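The structure appears right after this line, and notes come after that.
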There are 2 protein chains.
Amino acid sequence: MDKLRKHIEEITPVSDQEFEYIKTFFSEKKVRKHQYLLQDGDMVTCEYWIAKGIFRAFYLDKEGKEYIVQFALENWWLSDYNAFFGQVPSNMNIVCMEEAEVYCLTLLSREKLASEMHKMEHFFRMKLTKGYSAQQRRICSLLSGSPKQRYEEFAKMYPGIVSKVPKKYIAEYLGVSRETLSRLYSGGNLQT
Amino acid sequence: MDKLRKHIEEITPVSDQEFEYIKTFFSEKKVRKHQYLLQDGDMVTCEYWIAKGIFRAFYLDKEGKEYIVQFALENWWLSDYNAFFGQVPSNMNIVCMEEAEVYCLTLLSREKLASEMHKMEHFFRMKLTKGYSAQQRRICSLLSGSPKQRYEEFAKMYPGIVSKVPKKYIAEYLGVSRETLSRLYSGGNLQT
DNA sequence: TCGAAAGTGTGATTCAAGTCACACATTCTT
DNA sequence: AAGAATGTGTGACTTGAATCACACTTTCGA
């Protein structure tokens, strides 16, 4: 749990005592490759903080095609926030892609923690702020960029992901076909 | 300012006294059609709450093509949050499309307000939460939807915008060409 | 350790949407 | 009230990316 504390203290310091209390809101969970953390249609009880591992969050259209909404690595928060905050059934799936360990926080715990400790409310707000910004950049990139630009931008931003997950998922994240993505850096003038 | 109070009280009640204090953080501003609230390259000093009017927030690529990141109507918050939170020069433009009145809140004021009043921190977090969810839905729609689906979804979600702004901006928001959008509901099987 | 499954590159073909071009309608502006 | 600017529909043409198809490679699981 030390890593979680460090993560929180990137935003706001907490005393030993405070952290002891914060800890009680989380529960630990180990997840193996291919295991679902969340499935289509489930109620979303928790959000997850990833201590270790890689996940992808995607949803399926009627034809069963996958679209990746988010990757998540160590130190990231992850859930279907639409469903989590709105307390409606999820339409997303979250799957483990690499042996993982996560801490779970229910919505109730989250809100309790936020209301009892101003600094945790602040922490969550700052995290949300950063996420909001990142999403806005992604929207810009989806709207304007050619597949090539999108890929380059993504590769620059998240080199760790590019090297660790199969290309086809990157393609799904970028909104291009696997083949097109492949042609981008083989035929194309792109350094891996 | 009564409307602002009402807006805040949708999330959390505030006493007369508290609201008097909150008010001091905002400054009022009138904006006319075509006027820029924010321009490419500016430092972003404020975020804005719209008491009245319509805005569009867009950015321009190297070729000068416009991409709409967000529309904003009455009761919405608006800024280039990337630049605002990160305190870097904006790469967005915000233009008034209909006679408006806004309240301005600087980053400093915002953070001061949030740190002094837990309930305002909560308020901002809740707003951010909603915005985050909405963006996530938009990302899904951009990734998966055909132009037609995207348009239908948008029209359903924001009927007020569809009826009030020129189609070409809707097209820019959806990431399709003006012509394609036009063909969607003339040739196409789509009710206006 | 061997067969199956998953990941990847590349060609051929198709097609949806972008681009260009123009006519007409609507609304600003002075 | 007239002319300019803006908004909108529609045709013809072009094109970039999706799709389909297949070979080869790597990884995984029993």
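Side chains included, hydrogens not; waters and symmetry mates left out as well; all remaining heavy atoms used. These numbers were taken from a predicted model, which means no experiment stands behind them. In what follows, every chain begins at residue 1, and chains take the letters A, B, ... in the order their sequences are listed.
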Atom pairs under 3.5 Å, N or O on each side, protein against nucleotides 17-24 of chain C: can you list them with distances?
unit_1 : atom_1 : unit_2   : atom_2 : d
C:dG18 : OP1    : B:Ser177 : N      : 3.4
C:dG18 : OP2    : B:Ser177 : N      : 3.1
C:dG18 : OP2    : B:Ser177 : OG     : 2.9
C:dG18 : OP2    : B:Thr180 : OG1    : 2.5
C:dT19 : O4     : B:Arg183 : NH2    : 3.1
C:dC20 : N4     : B:Glu179 : OE2    : 3.1

So which protein nitrogen or oxygen atoms get under 3.5 Å of nucleotides 25-30 of chain D's nitrogens or oxygens?
none

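A ring-centre distance under 6.0 Å is found for B:Tyr67 and B:Tyr59. Ring centroid separation for the pair A:Tyr158 and A:Trp76 comes in under the 6.0 Å cut-off.
B:Lys130 meets the salt bridge (charged side-chain N to carboxylate O under 4.0 Å, His left out) test with no other residue; sequence neighbours excluded. Under the salt bridge (charged side-chain N to carboxylate O under 4.0 Å, His left out) criterion, B:Glu74 pairs with B:Lys3, not counting sequence neighbours. With sequence neighbours left out, A:Tyr169 forms a ring pair (Phe, Tyr, Trp, His ring centres under 6.0 Å) with no residue at all. Residues meeting the salt bridge (charged side-chain N to carboxylate O under 4.0 Å, His left out) test with B:Glu18, sequence neighbours left out: B:Lys119. For B:Asp16, the side-chain hydrogen bond (donor to acceptor under 3.5 Å, both in side chains) partners two or more places apart in sequence, or in a different chain, are B:Arg5. For A:Glu121, the salt bridge (charged side-chain N to carboxylate O under 4.0 Å, His left out) criterion is met by B:Arg125, not counting sequence neighbours. Remark: B:Tyr173 engages B:Phe71, B:Phe154 in a ring pair (Phe, Tyr, Trp, His ring centres under 6.0 Å) (not counting sequence neighbours).
Whole-Å rounding puts the B:Lys164 NZ to C:dT27 C1' distance at 18 Å. Rounded to whole Å, atom C1' of D:dT6 lies 14 Å from atom CD of B:Glu172. The distance between atom NZ of A:Lys168 and atom C1' of C:dG9, rounded to the nearest whole Å, is 15 Å. Going from atom CG of B:Leu143 over to atom P of D:dA18 covers 12 Å, rounded to whole Å. In this entry the distance linking OH of A:Tyr169 with C1' of C:dA6 reads 9 Å, nearest Å. The distance from atom CG of A:Leu184 to atom P of C:dT10 is 12 Å, rounded to the nearest whole Å. In this entry the distance linking CD of B:Glu66 with C1' of D:dT6 reads 14 Å, nearest Å.
Five base pairs at each end of the helix from C:dT1-D:dA30 to C:dT30-D:dA1 define two local axes, and these are offset by 60° (rounded to 10°).
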I'd like a table of donor-acceptor pairs (distance under 3.5 Å, sequence neighbours excluded) in which one partner is a side-chain atom from residues 20-32 of chain B, with atom names and distances.
unit_1  : atom_1 : unit_2   : atom_2 : d
B:Tyr21 : OH     : B:Glu116 : OE1    : 2.4
B:Thr24 : OG1    : B:Tyr21  : O      : 2.6
B:Lys30 : NZ     : B:Glu101 : OE1    : 3.2

Do any side-chain atoms of residues 42-57 of chain B form donor-acceptor pairs under 3.5 angstrom with protein atoms, and if so which ones, sequence neighbours left out?
unit_1  : atom_1 : unit_2   : atom_2 : d
B:Asp42 : OD2    : B:Gln39  : N      : 3.0
B:Glu47 : OE1    : B:Tyr81  : OH     : 2.6
B:Glu47 : OE1    : B:Arg110 : NH1    : 3.3
B:Glu47 : OE2    : B:Arg110 : NH1    : 2.3
B:Trp49 : NE1    : B:His7   : NE2    : 3.4
B:Trp49 : NE1    : B:Asn75  : O      : 3.3
B:Arg56 : NE     : B:Glu66  : OE1    : 3.1

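Dashed line: the shortest gap from a side-chain N or O of A:Lys167 to OP1 or OP2 of C:dT8 is not under 4.0 Å. The phosphate of D:dT8 has neither OP1 nor OP2 within less than 4.0 Å of any side-chain N or O from B:Tyr185.
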